[in-house]
Amino acid sequence: MNDPQILLVRYGTLVSMTGWPALVREYIDETADAELPNPGPQDDRYLELEDRGELRTIAVVAGEELVGYAQLLVLPSQHHPFPVVSTDSLYLRKPWRKGRLGLDLLGAMRATAKREGAPGLTFMAPPGSRLDRICKALKMPLLRHCYWCSADE
């Protein structure tokens, strides 16, 4: 495998990279939830967020292939004097999860939040998932639980 690079890119660049369709399929297969409609990238919405300066996209590239990414939303806080940075998407293809590449991606996310003036960032991890276990191992504080409340019930 080629040595990966972590790059801040525009959303349009991300979706044009070699490996984007395979990454999206793998992401959907792994993260789909029976409680929610099938996920998929909403290109127009992401481009709109980016045009407003509210989206940061980080790509993990090995050679010419996209092997992971993170998308961060940067929004003004209604409660604090700094922006709220939250993770919209975070994914690293399975063959690339060994070693420290995931930690390096997390480091790039943290650096992006800091550059934006935020004291940190939020993201969700499915209970019991590998990401959940990593968060616990890194002693990240659990601030809130996130629950899904269906509008149909």
Side-chain angles (χ1 to χ4, degrees), residues 4-77 83-138 140-149:
Q5 296 180 35
I6 297 177
L7 309 167
L8 189 61
V9 300
R10 295 194 53 82
Y11 181 75
T13 301
L14 181 80
V15 300
S16 68
M17 291 178 151
T18 301
W20 173 249
L23 185 147
V24 169
R25 276 192 308 276
E26 185 178 304
Y27 185 156
I28 290 170
D29 288 346
E30 186 171 344
T31 63
D33 191 312
E35 296 292 325
L36 300 173
N38 286 337
Q42 306 298 310
D43 294 335
D44 291 342
R45 182 70 179 122
Y46 283 124
L47 292 170
E48 180 183 320
L49 288 165
E50 188 170 69
D51 286 346
R52 289 199 321 246
E54 297 174 343
L55 180 71
R56 304 296 178 275
T57 302
I58 303 168
V60 182
V61 181
E64 299 295 317
E65 183 179 2
L66 178 68
V67 299
Y69 78 113
Q71 288 180 295
L72 306 177
L73 300 175
V74 180
L75 301 169
S77 173
V84 173
V85 178
S86 60
T87 305
D88 177 73
S89 298
L90 171 60
Y91 197 74
L92 192 59
R93 299 216 45 207
K94 291 176 185 177
W96 294 92
R97 294 181 188 172
K98 296 181 174 96
R100 64 168 293 112
L101 185 56
L103 295 175
D104 292 343
L105 177 56
L106 181 58
M109 294 165 64
R110 286 175 163 163
T112 300
K114 185 174 184 175
R115 188 180 66 249
E116 296 296 332
L121 68 146
T122 63
F123 59 91
M124 291 185 276
S129 68
R130 187 171 183 194
L131 181 57
D132 186 47
R133 292 189 304 272
I134 289 169
C135 292
K136 289 176 183 174
L138 294 174
M140 291 184 184
L142 178 62
L143 299 180
R144 306 282 190 278
H145 288 276
C146 180
Y147 295 95
W148 180 254
C149 178

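No experiment lies behind these values; they were computed from the predicted model shown.
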Enumerate the residue pairs fulfilling ring-ring contact (aromatic ring centres under 6.0 Å, His included) with a member in residues 103-129, sequence neighbours excluded, ordered by first and then second residue. none
Contacts satisfying ring-ring contact (aromatic ring centres under 6.0 Å, His included) that involve residues 35-60 (not counting sequence neighbours) are Y11-Y46
May I ask you to test the [X]-[Y] pair for a side-chain heavy-atom distance under 4.5 Å?
{"X": "L106", "Y": "L90", "value": "no"}
{"X": "D44", "Y": "E48", "value": "no"}
{"X": "P41", "Y": "V15", "value": "no"}

Provide the closest heavy-atom pair for [X] versus [Y] in the form atom of the first, atom of the second, distance.
{"X": "M124", "Y": "C146", "answer": "SD-SG, 3.2 Å"}
{"X": "I28", "Y": "G40", "answer": "CD1-CA, 4.1 Å"}
{"X": "L23", "Y": "G68", "answer": "CD1-N, 3.5 Å"}
{"X": "Y91", "Y": "L105", "answer": "O-CD2, 4.4 Å"}
{"X": "A113", "Y": "G120", "answer": "CB-O, 3.6 Å"}

Distance (rounded to the nearest 0.5 Å) between [X] [atom1] and [Y] [atom2]:
{"X": "L73", "Y": "T122", "atom1": "CG", "atom2": "OG1", "answer": "8.5 Å"}
{"X": "T87", "Y": "L131", "atom1": "OG1", "atom2": "CG", "answer": "9.0 Å"}
{"X": "L101", "Y": "R93", "atom1": "CG", "atom2": "CZ", "answer": "13.0 Å"}
{"X": "I6", "Y": "M109", "atom1": "CD1", "atom2": "CE", "answer": "10.5 Å"}

Taking the side chain from R97 and the backbone from L92, do they hold a donor-acceptor pair closer than 3.5 Å? yes
If we ignore hydrogens and angles and just use 3.5 Å, is the side chain of E64 paired with the main-chain N or O of T18 as donor and acceptor? no
Is there a side chain to side chain contact (heavy atoms under 4.5 Å, CB included) between L138 and L103? Walk through the geometry before answering. CA-CA 10 Å; L138 294 174; L103 295 175; 3.9 Å; yes
Counterpart residues, salt bridge (charged side-chain N to carboxylate O under 4.0 Å, His left out), relative to [X] (two or more places apart):
{"X": "D104", "value": "R100"}
{"X": "E54", "value": "R52"}
{"X": "D132", "value": "K136"}

Candidate pair L121 and L72, rule side chain to side chain contact (heavy atoms under 4.5 Å, CB included), full reasoning: CA-CA 9 Å; L121 68 146; L72 306 177; 4.0 Å; yes
Taking distance alone, no hydrogens or angles, what donor-acceptor pairs closer than 3.5 Å link side-chain atoms of residues 55-62 to residues at least two apart or in another chain?
{"from": "R56", "atom 1": "NE", "to": "E116", "atom 2": "OE2", "distance (Å)": "2.8"}
{"from": "R56", "atom 1": "NH1", "to": "G53", "atom 2": "O", "distance (Å)": "2.9"}
{"from": "R56", "atom 1": "NH2", "to": "G53", "atom 2": "O", "distance (Å)": "3.2"}
{"from": "R56", "atom 1": "NH2", "to": "E116", "atom 2": "OE1", "distance (Å)": "3.2"}
{"from": "R56", "atom 1": "NH2", "to": "E116", "atom 2": "OE2", "distance (Å)": "3.3"}

Could you check whether atom CE of M17 has more than 12 heavy atoms from other residues, nucleotides or ligands sitting under 6.0 Å from it? yes
Is the W20 ring parallel, tilted or perpendicular to the Y69 ring (thresholds 30°, 60°)? perpendicular
Ion pair check, R10 and E50, cut-off under 4.0 Å: yes
